[in-house]
Chemist: 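Dropping the structure in here first, questions after.
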Amino acid sequence: MGRPKKCRWVEAEPGVTFFKPRGIPLRALQQTVISVDELEALRLADYLELTQEEVAKKMQVSRPTVTRMLARAHRALADALVHGKAIRIEGGDYRLNQGKFLCCLCGQTGEVPEGENLSETCAECQGQEEEVDKT
């Protein structure tokens, strides 16, 4: 029996969940699926040009996991483009990052209570905390 999957941290839900070739009704197209966490890995690595190590840290997973997520997402995108398929974005094992902090010294994460500001120090290492997403 394998290890349980770690939840991936995603900054926000995607605003758009379908892309399709122009001029063909969606019902007439085959679809390929990209999960929300795979889209987040693509956004961080390909759009924001972060390294896989930086992506792994932001998503709270290992670097090899990021490599596998990117490979699956790239394969799905290539399949859709080459074969004229629609791309559906859904599912995945993820949690939204909102209201979280990440300590820049020790990597410890925690939640910021709603309506409160970030505290000055990390409870684990007593270092300064770096905000991941406070919205």
Side-chain angles (χ1 to χ4, degrees):
M1 182 173 181
R3 282 183 14 189
K5 261 181 133 175
K6 275 182 89 174
C7 229
R8 285 94 190 230
W9 287 27
V10 171
E11 189 171 309
E13 295 274 351
V16 176
T17 58
F18 268 101
F19 289 91
K20 69 174 200 67
R22 183 176 170 189
I24 304 170
L26 185 58
R27 66 182 174 275
L29 290 170
Q30 289 184 329
Q31 297 177 11
T32 188
V33 177
I34 295 177
S35 67
V36 174
D37 49 329
E38 290 169 352
L39 178 65
E40 179 72 354
L42 280 172
R43 184 184 75 82
L44 294 170
D46 295 344
Y47 181 69
L48 296 181
E49 298 180 346
L50 299 180
T51 66
Q52 287 189 6
E53 196 67 42
E54 293 167 325
V55 173
K57 192 169 186 176
K58 281 191 169 284
M59 294 184 73
Q60 299 292 305
V61 296
S62 69
R63 194 217 30 86
T65 297
V66 170
T67 301
R68 287 189 299 273
M69 288 190 314
L70 288 171
R72 281 191 304 269
H74 288 149
R75 195 169 32 258
L77 289 176
D79 179 42
L81 293 173
V82 169
H83 298 111
K85 295 180 179 180
I87 302 167
R88 183 178 57 201
I89 303 163
E90 70 175 14
D93 193 10
Y94 67 95
R95 288 186 10 194
L96 293 179
N97 228 4
Q98 299 170 338
K100 306 286 182 188
F101 73 83
L102 171 66
C103 177
C104 58
L105 297 177
C106 72
Q108 182 68 26
T109 59
E111 294 189 19
V112 178
E114 196 165 321
E116 293 186 21
N117 293 328
L118 289 171
S119 60
E120 292 300 314
T121 58
C122 171
E124 289 294 313
C125 73
Q126 305 303 313
Q128 294 295 317
E129 294 171 340
E130 173 182 297
E131 182 179 356
V132 173
D133 186 14
K134 191 175 158 187
T135 57

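Starting from 1, each residue takes its place in the sequence as its number.
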Chemist: To check you understand the geometry: which heavy-atom pair defines the closest contact between Ile34 and Ala76, and what is its length?
Modeler: CG1-CB, 3.8 Å
Chemist: Taking distance alone, no hydrogens or angles, what donor-acceptor pairs closer than 3.5 Å link side-chain atoms of residues 16-31 to residues at least two apart or in another chain?
Modeler:
residue, atom, partner, partner atom, Å
Lys20, NZ, Ile24, O, 2.6
Gln31, OE1, Arg88, NH1, 3.0

Chemist: So which heavy atom on Ser35 is nearest to which on Gly92, and how close?
Modeler: CB-CA, 3.8 Å
Chemist: If every non-hydrogen atom of Leu39 is compared with every non-hydrogen atom of Pro14, which pair is closest and at what distance?
Modeler: CD2-CB, 3.7 Å
Chemist: Between the side chain of Glu90 and the main-chain N/O of Val33, is any donor-acceptor distance below 3.5 Å?
Modeler: no
Chemist: Atom CD1 in Ile89, atom CD in Glu13: separation rounded to 0.5 Å?
Modeler: 11.0 Å
Chemist: Check Asp37 against Met59 and note the closest heavy-atom contact, atom names and distance.
Modeler: O-CE, 3.4 Å
Chemist: Side-chain contact, heavy-atom cut-off 4.5 Å: Leu42 with His74?
Modeler: yes
Chemist: What are the two closest heavy atoms between Leu70 and Ala45, and how far apart are they?
Modeler: CD1-CB, 3.8 Å
Chemist: With hydrophobic residues grouped by side-chain heavy-atom distances under 4.5 Å, do Leu50 and Tyr47 end up in a single group?
Modeler: yes
Chemist: How far apart are the C-alpha atoms of Thr32 and Arg75, what are their side-chain angles, what is the distance that settles it, and do they pass the side-chain contact (heavy atoms from CB on, under 4.5 Å) test?
Modeler: CA-CA 10 Å; Thr32 188; Arg75 195 169 32 258; over 6 Å; no
Chemist: To the nearest 0.5 Å, what is the distance between NZ (Lys58) and CD (Glu53)?
Modeler: 13.5 Å
Chemist: Can you find a side-chain donor-acceptor pair between Tyr94 and Glu38 that sits under 3.5 Å?
Modeler: no
Chemist: What I'd like to find out is whether the side chain of Met69 reaches to under 4.5 Å of the side chain of Arg8, using heavy atoms alone.
Modeler: yes
Chemist: Test Glu54 against Lys57 for salt bridge (Lys or Arg N to Asp or Glu O under 4.0 Å), laying out the working first.
Modeler: CA-CA 5 Å; Glu54 293 167 325; Lys57 192 169 186 176; over 6 Å; no
